[in-house]
Amino acid sequence: MSARAVLRRVVVGVLGTNCWVLHAAGDRRALIVDPGDEPERILAATADLDVLAVLLTHAHFDHVLAVPQVARALDVPVLAHPADAPVWPHELAAARRAGHWNAGTATDGLLARVPGALAFPPSTPLWDGATEPVHDGDVLPVGPLPVRVLHTPGHTPGGLTLSADGHLLTGDTLFPGGPGLTGPPLSDFPVIVESVRRLLSFPGSARIHPGHGLGSTVRAQRPHLQGWVARGW
Ligand SMILES: [Zn+2]
Ligand SMILES: [Zn+2]
């Protein structure tokens, strides 16, 4: 008998990143997933909880900008897959070169629509990139709720999905409508296809909660896999 999972969603930052808060029903112990921006809103949304750790599905800027403030305020570790270690230095180097964060295919539109939206350096302190490793198959006890770590690379080398009580927090690996972007450096389409295939092998009732936008189910997305492979993105 495993505990029932409760999810809170805090949508943060210019790319509307889903910062997920995960805990067991009736228990205060919680995990914060992807504190991508707006630390004060994330801290307010978790003020009634005992946060055990921050976990990163991956280290793109839009998933980590609030890490320093949130991790320091709560005095908790930052968990990530070690294969993502090159991602944050790459994000910083690209931003230093361009003078703004790179939001993938959305960058030009965003810069035109919201001048200053991707400003670098940001007005908030920069994360030092320090993490503690988690690996595929690890089970994180969030109070009575076992949270399983899945290494789902492809969008980034150390991409993670969390599985708990029929919920999948897929980061930017799987969205309703297909895999996450694999155009950016350090991404790989054939690799993300294998990660997506693995996620779509979960029971049809499993709920998909991506890193941006609304969710779906494995049942609704599974029939589209071959089409995504054929189109190549
Ligand atoms: Zn990403
Ligand atoms: Zn993202």
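Since we're looking at a predicted model, the values are computed, not measured. Residues: numbered from 1 along the sequence shown. Start at 1 and go down the list; that is how both ligands and their atoms are numbered.
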Visitor: Could you list the residues that satisfy side chain to side chain contact (heavy atoms under 4.5 Å, CB included) with R8, not counting sequence neighbours?
Guide: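 Expected list: V21, H23, D48, L49.
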Visitor: Could you pull out the N/O/S protein atoms under 2.8 Å of the Zn ion (ligand 1), ignoring any water?
Guide: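 Atoms qualifying: H58 NE2, H60 ND1, H155 NE2, D172 OD2.
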Visitor: Using only heavy-atom distances, determine whether the side chains of H155 and H60 contain a donor-acceptor pair under 3.5 Å.
Guide: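 There is such a pair between these side chains.
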Visitor: With sequence neighbours excluded, tell me which residues meet side chain to side chain contact (heavy atoms under 4.5 Å, CB included) with P176.
Guide: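 P176 satisfies side chain to side chain contact (heavy atoms under 4.5 Å, CB included) with P210, S216, Q221 once adjacent residues are dropped.
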Visitor: I'd like to know if the side chain of H151 pairs up with that of D136 as donor and acceptor (distance under 3.5 Å, no hydrogens or angles considered).
Guide: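 Side-chain D/A pair, H151 to D136: absent.
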Visitor: Please list, chain by chain and in numerical order, all residues satisfying ring pair (Phe, Tyr, Trp, His ring centres under 6.0 Å) with W88, sequence neighbours excluded.
Guide: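 Ring pair (Phe, Tyr, Trp, His ring centres under 6.0 Å) check on W88 returns W101, W127.
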Visitor: Does a side chain donor of either D172 or H58 reach within less than 3.5 Å of an acceptor in the other side chain?
Guide: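 H58 and D172 do have a side-chain donor-acceptor pair below 3.5 Å.
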